[in-house]
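The structure appears below as structure tokens.
Remember, it's 1-based here, ligands and their atoms both numbered in the order they're listed.
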Amino acid sequence: MSELRTLGEFIVEKQHDFPHASGELSSLLASIRLAAKIVNREINKAGLVDITGATGVDNIQGEEQQKLDAYANDKFKAALEARDQVCGVASEEEDEAVAFNKELNKNAKYVVLMDPLDGSTNIDVNVSVGTIFSIYRRVSEVGTPPTEEDFLQPGNKQVAAGYVIYGSSTMLVYTTGNGVNGFTYDPSLGTFCLSHENMTIPQDGRIYSINEGNYVRFPTGVKKYIKFCQENVPEDNRPYTSRYIGSLVADFHRNLLKGGIYLYPRTESHPKGKLRLLYECNPMAFLIEQAGGIATDGNQRIMDIKPTELHQRVPLFIGSTNMVKTVHRFLEQYPDEE
Ligand code: AHG
Ligand code: MN
Ligand code: MN
């Protein structure tokens with residue numbers, strides 16, 4: 001790891017890659033970086049302070065909100081609002097998009113969509129969680145409040161996206177459309193340092209990640225793919241392996257480094273899939289494509305889906321190109337009656 005290149009320096013160095021006014025994105029990413037450090041600090045002492053467990057409130061999607069979900073949401077929102085680049089955010093933890101009304105944000109050009117804490121059922125058991133973010137240029141007029149149209153843009157309009165993984169070490173991984181770079185947090189310095197330059201995912205992999213507890217409720221093509229992985233051995237002669245953490249960020253991060261596929265198909269309880277298009281699937285799709293992989297809903301490219309609602313769910317097949325293509329072959333070969 002190069003302690004000689006910090007995230008802050010890297011962003012400035014790469015500013016010219018960013019198609020629009022560059023200093024703006026640096027400032028925006030600075031707020032995400034700061035909020036990530038604050039959330040990281042809290043997660044690290046989760047067993048010591050009264051921050052684990054549920055708030056007693058359900059979010060709009062009927063999921064139990066954990067205290068750290070609410071904490072992370074507040075910190076990211078506050079950090080974004082404190083700088084003059086963002087006019088509004090949409091979050092898993094907010095029913096509606098939030099418009100920033102301060103004078104400071106009036107001329108802001110960007111909106112941020114986020115999953116402030118991903119994998120929140122893992123908090124209480126000391127397993128990796130994450131934050132996912134997705135950044136768009138607003139389409140409505142600058143100087144007016146952001147509109148629904150600003151938040152419901154297809155993923156192919158993202159200007160930047162990334163995640164933070166709070167794991168055995170904490171990392172921030174992001175793209176602005178010129179490759180993917182990863183930074184590991186050095187707590188002694190309080191700084192993210194460039195550790196994974198120009199990350200790429202192998203075209204083939206051996207890891208498949210899926211909640212197999214839902215097996216009997218999967219589409220036939222997905223069941224056939226799982227059997228294919230169990231019964232066949234890839235060309236490198238090492239059998240497929242199943243790995244599933246239950247935090248998208250953590251499963252994605254491992255597969256990005258090692259090669260693999262993450263699948264969350266539709267199930268009976270989640271007929272449209274479980275993961276949210278705007279702040280889970282799109283940012284991960286942008287990252288995976290930038291790393292040389294692909295992301296689909298089993299039918300079309302995730303980033304080409306035209307969103308219709310803020311908390312829209314879609315099936316997700318994401319990872320090494322050849323693995324996703326193989327799933328597609330099974331889905332085509334074994335179509336289910338809708
Ligand atoms: P969140 O904690 O933000 O609601 O996201 C949970 C997501 C994702 O991180 C994870 O991969 C998936 O839900 C796990 O779902 P299952 O428990 O149904 O496998
Ligand atoms: Mn999530
Ligand atoms: Mn979440």
4.0 Å heavy-atom contact, Leu117 with ligand 1 | yes
Which residue and heavy atom of the protein sit nearest atom 5 (O) of ligand 1, plus the separation | Asp118 OD1, 3.2 Å
Provide the number and element of each atom of ligand 1 under 4.0 Å from a heavy atom of Asp115.
-> 3 (O)
With a 4.0 Å cut-off on heavy atoms, is His270 touching ligand 1?
-> no
For residues Arg138 and Thr147, is any side-chain donor paired with an opposing acceptor at under 3.5 Å?
-> no
Given Ile201, Val180, Asn181, Thr200, the one that forms side-chain contact (heavy atoms from CB on, under 4.5 Å) with Gln290 | Val180
For Leu248, the ligand 1 atoms whose distance to one of its heavy atoms is below 4.0 Å | 8 (C), 9 (O), 10 (C), 11 (O)
For ligand 1, is any non-hydrogen atom under 4.0 Å from Tyr262's backbone (N, CA, C, O), its side chain (CB onward), both, or neither?
-> side chain
Is Glu9 salt-bridged to Arg5, going by a charged N under 4.0 Å from an acidic O?
-> no
Would you say Asn214 and ligand 1 have an N/O pair spaced under 3.5 Å apart?
-> no
Looking only at distance, does Leu275 have an N or O less than 3.5 Å from an N or O of ligand 1?
-> no
Check ligand 1 against Ser247 and write out every atom of the ligand that is under 4.0 Å from a heavy-atom position of the residue.
-> 9 (O), 11 (O)
Going by distance only, is there an N or O of Thr121 that falls short of 3.5 Å from an N or O of ligand 1?
-> no
Taking only heavy atoms of Arg276 into account, list the atoms of ligand 1 that are under 4.0 Å away from them.
-> 1 (P), 3 (O), 4 (O), 5 (O)
Expected list for residues 158-172: side-chain donor-acceptor pairs under 3.5 angstrom, two or more places apart:
| unit_1 | atom_1 | unit_2 | atom_2 | d |
| --- | --- | --- | --- | --- |
| Gln158 | OE1 | Ser134 | OG | 2.8 |
| Gln158 | NE2 | Gly155 | O | 3.0 |
| Gln158 | NE2 | Asn282 | O | 3.1 |
| Tyr163 | OH | His253 | ND1 | 2.7 |
| Tyr166 | OH | Thr131 | OG1 | 2.7 |
| Thr170 | OG1 | Asn40 | OD1 | 2.6 |

Which residue owns the protein heavy atom closest to atom 18 (O) of ligand 1, what's the atom, and how far is it?
-> Tyr264 OH, 2.5 Å
Report, in ascending order of atom number, the atoms of ligand 1 lying under 4.0 Å from any heavy atom of Tyr244.
-> 11 (O), 12 (C), 14 (C), 15 (O), 16 (P), 19 (O)
How many N, O or S atoms of the protein are nearer than 2.8 Å to the Mn ion (ligand 2)?
-> 3
At a 4.0 Å threshold, what atoms of ligand 1 neighbour a non-hydrogen atom of Gly246?
-> 9 (O), 10 (C), 11 (O), 14 (C)
